[in-house]
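To start, the structure under review is shown below, and the notes come after it.
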Amino acid sequence: MQTLTITKPDDFHLHLRDGVVLANIVNHTAAQFARAIVMPNLKPPVVNTEMALAYRDRILQCVDKKYNFEPLMTLYLTDNTSTEVIMEAAESNMIKALKYYPAGATTNSDQGVTDISKTYSTLEAMMEKGLPLLVHGEVTDNDVDVFDRESVFIDRVLAPLVRNFPDLKIVFEHITTRAAVDFVTQSSNNIAATITPQHMLLNRNDLFKGGLQPHHYCLPVLKAEADRLAVLEAATSGNSKFFLGTDSAPHARNTKETSCGCAGIYSAYAAIEMYVEAFDAADKLDKLEAFSSHYGADYYGLPRNQEMITLIKQDQTIPAILPLGDNELVPFLAGGTCSWQLKN
C-alpha cells in the first residue's frame with residue numbers, strides 16, 4: 001500500500017463560523033492541520049483585537065483535547081478601520097492579517113470596503129507593522145460578467161494597490177484564473193496566493209453536470225478548464241508564492257438548495273486528502289509538502305511545524321451529509337470517493 005508522510009500542514013484560509021456550527025466542524029480541521037488562518041466574517045464581523053481574542057477562546061474551547069491546533073486570528077477591514085486598531089493588533093502579536101472583502105462580494109461581506117482608497121491610511125499602518133492584507137479578489141459591479149470579476153479586480157484594484165503600497169504584504173486569496181497566476185508569479189515576493197481544492201479539481205462545467213449543482217457553487221465561481229489547469233500548475237510548481245488555503249465554509253443544506261443558494265464549499269472534512277489526490281493525479285506528490293506545510297508558514301513568518309502526518313492510498317467514501325446544529329451540511333464531493341485517506 002502506498003503511503004505518504006509529510007510535515008503536518010496549515011490551512012491559510014478557513015471559515016469556522018461560531019456557536020454550534022463551530023463546535024460541529026472545527027475538529028475536522030484540527031485533525032489534519034496544525035494551524036489555520038481564521039476568517040473574521042462573523043455576524044457581527046471581527047473588527048478589533050478584543051473581538052478576535054474572544055473568538056479565539058471560543059474556538060479553542062471547541063477543539064478536542066487530543067489535537068494540538070492553533071487558530072491564527074484576523075480582523076475584518078472596513079472603510080473605518082483606524083490606525084489605532086492596527087497598532088493594537090500589531091502589538092498583540094496575536095493578529096496575523098486583515099481581510100479585505102469588497103462590500104457585497106461574498107458571505108457576510110456587507111460591511112466590507114466600499115472603496116479601497118478609503119483604507120489608505122490603514123494600509124500605510126499595516127505596511128509599517130508588517131501585517132498582511134488578505135484580499136477577496138473580485139469586483140462586485142453588476143455589469144461585469146461573473147467569470148471576469150477576478151481578472152477585472154486585478155486591473156482595477158490589485159495592480160494599483162501593489163503600485164501604491166510596494167512593501168505591503170498581500171495574499172491573493174483562492175485564485176481561480178490564469179490571469180491571477182500570472183499576476184502573482186510576476187509580482188514581488190510580497191505578493192502570494194492561496195489555492196483551494198475545488199479550484200484544482202473542478203471547472204465550471206461541474207456546476208451544471210446532471211443539472212444545477214448548488215454544492216459546487218462558491219465565490220469566486222469555478223472557471224474554465226484552462227484556468228483550472230493554470231491553478232493546478234501553480235500549486236504543483238514548487239513556487240513558494242502559492243500555498244494551501246481551503247476556503248472551507250460551512251453552509252446548511254437548506255441554504256444551498258434553495259431558489260437563492262448561497263456560495264461556499266465545505267472541504268474541511270477531508271481537505272488534505274483532496275489536495276493529495278490533485279497532486280497525485282498531476283504526478284507531483286513530491287511538491288505537496290512544501291505547498292501544504294512550508295510555504296505558507298514561511299510567508300507569515302511562522303516556524304514550520306514539527307509534527308508529521310501519514311496518508312495512505314486507500315479509497316474513502318465522502319459522507320453524503322454531516323451534522324450542522326439543527327441542520328445538515330453537504331461536504332465537498334459528498335457521496336463520492338477520494339483515493340487517499342489520513343492515517344489515524
Side-chain angles (χ1 to χ4, degrees), residues 2-16 25-34 36-37 173-176 193-207 209 213 215-218 220 222-223 225 227-237 242-251 263-293 295-296 309-322 329-344:
Q2 186 177 356
T3 65
L4 177 68
T5 299
I6 62 171
T7 305
K8 193 171 187 180
D10 298 310
D11 184 349
F12 283 98
H13 186 161
L14 178 68
H15 297 270
L16 288 175
I25 68 169
V26 66
N27 288 302
H28 293 158
T29 292
Q32 305 172 62
F33 297 98
I37 288 280
E173 301 276 33
H174 45 46
I175 61 169
T176 66
T194 55
I195 293 176
T196 75
Q198 62 263 28
H199 292 115
M200 297 172 67
L201 292 169
L202 304 182
N203 64 36
R204 63 191 182 192
N205 286 342
D206 292 293
L207 282 167
K209 287 179 180 176
Q213 300 296 319
H215 298 288
H216 288 166
Y217 175 48
C218 58
L222 300 171
K223 301 299 195 301
E225 176 65 2
D227 290 307
R228 184 192 74 82
L229 291 174
V231 170
L232 177 63
E233 182 181 8
T236 60
S237 66
F242 302 100
F243 46 85
L244 187 155
T246 63
D247 192 25
S248 181
H251 292 277
I265 288 178
Y266 185 74
S267 61
Y269 176 81
I272 190 60
E273 294 98 320
M274 294 173 187
Y275 281 108
V276 177
E277 182 145 310
F279 276 73
D280 192 15
D283 196 24
K284 291 291 182 70
L285 282 178
D286 61 314
K287 304 294 187 183
L288 175 74
E289 183 176 39
F291 169 84
S292 65
S293 312
Y295 295 155
I309 62 169
T310 297
L311 299 110
I312 57 176
K313 193 165 188 179
Q314 181 174 307
D315 286 352
Q316 66 165 312
T317 300
I318 307 300
I321 58 171
L322 296 167
L329 168 64
V330 178
F332 185 40
L333 306 183
T337 300
C338 182
S339 59
W340 289 82
Q341 58 181 280
L342 187 66
K343 184 179 179 180
N344 294 322

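Basis for what follows: all heavy atoms, side chains included, without hydrogens, waters or symmetry-related copies.
- The CG atom of Asp11 sits 9.5 Å away from atom CD1 of Ile37, with the distance rounded to the nearest 0.5 Å.
- Here the straight-line distance linking atom OH of Tyr217 with atom CZ of Arg204 works out to 15.0 Å at 0.5 Å rounding.
- Annotation for Leu222 and Leu202: closest pair CD1-CB, 3.8 Å, computed over non-hydrogen atoms.
- For Leu329 against Pro250, the heavy-atom pair with the smallest separation is CD1-CA, 4.0 Å.
- Annotation for Tyr275 and Pro197: closest pair OH-CD, 3.1 Å, computed over non-hydrogen atoms.
- The distance from the CD atom of Glu289 to the OG1 atom of Thr5 is 9.5 Å, given to the nearest 0.5 Å.
- Taking both residues in full, the closest heavy atoms of Gln32 and Ile272 are given as OE1-N, 2.8 Å, listed atom of the first, atom of the second, then distance.
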Test side chain to side chain contact (heavy atoms under 4.5 Å, CB included) applied to Leu14 and Phe33, step by step | CA-CA 11 Å; Leu14 178 68; Phe33 297 98; over 6 Å; no

Run the numbers on Phe243 and Thr194 for side chain to side chain contact (heavy atoms under 4.5 Å, CB included), then give the verdict.
-> CA-CA 5 Å; Phe243 46 85; Thr194 55; 3.6 Å; yes

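- Using cut-offs of 30° and 60° on the angle between ring planes, the pair Tyr269 and His28 is perpendicular.
- Side-chain contact check for Met200 versus Ile195: some heavy-atom pair is nearer than 4.5 Å.
- Using the six-membered ring where Trp is involved, Phe332 and His216 have ring planes that are perpendicular, over 60° apart on the 30 and 60° scheme.
- Rounding to the nearest 0.5 Å places NE2 of His15 at 11.5 Å from OG1 of Thr29.
- Of all heavy-atom pairs spanning Pro9 and Ser293, the tightest one is CA-OG, 3.5 Å.
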Donor-acceptor pairs under 3.5 Å, side chain of residues 312-321 to any protein atom, not counting sequence neighbours: which ones?
unit_1	atom_1	unit_2	atom_2	d
Lys313	NZ	Asp280	OD2	2.9
Gln316	NE2	Glu273	OE2	3.2
Gln316	NE2	Trp340	O	3.0

For Glu173 and Asp247, run side chain to side chain contact (heavy atoms under 4.5 Å, CB included): C-alpha distance rounded to whole Å, both residues' side-chain angles, the deciding distance at 0.1 Å, then the answer.
-> CA-CA 8 Å; Glu173 301 276 33; Asp247 192 25; over 6 Å; no

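- Using modelled atom types, one side-chain atom of His199 and one backbone atom of Pro220 make a donor-acceptor pair closer than 3.5 Å.
- Residues His251 and Ala263 approach most closely at NE2-O, 2.8 Å, considering heavy atoms.
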Show your working on side chain to side chain contact (heavy atoms under 4.5 Å, CB included) between Gln2 and Leu285 and close with a plain yes or no.
-> CA-CA 12 Å; Gln2 186 177 356; Leu285 282 178; 3.7 Å; yes

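- Just one of Asn203, Thr246, Ile265, Thr176 meets the side chain to side chain contact (heavy atoms under 4.5 Å, CB included) condition when paired with Gln198; it is Ile265.
- The OH atom of Tyr295 sits 11.0 Å away from the CZ atom of Phe242 when rounded to the nearest 0.5 Å.
- The CD1 atom of Ile6 sits 4.0 Å away from the OG atom of Ser292 when rounded to the nearest 0.5 Å.
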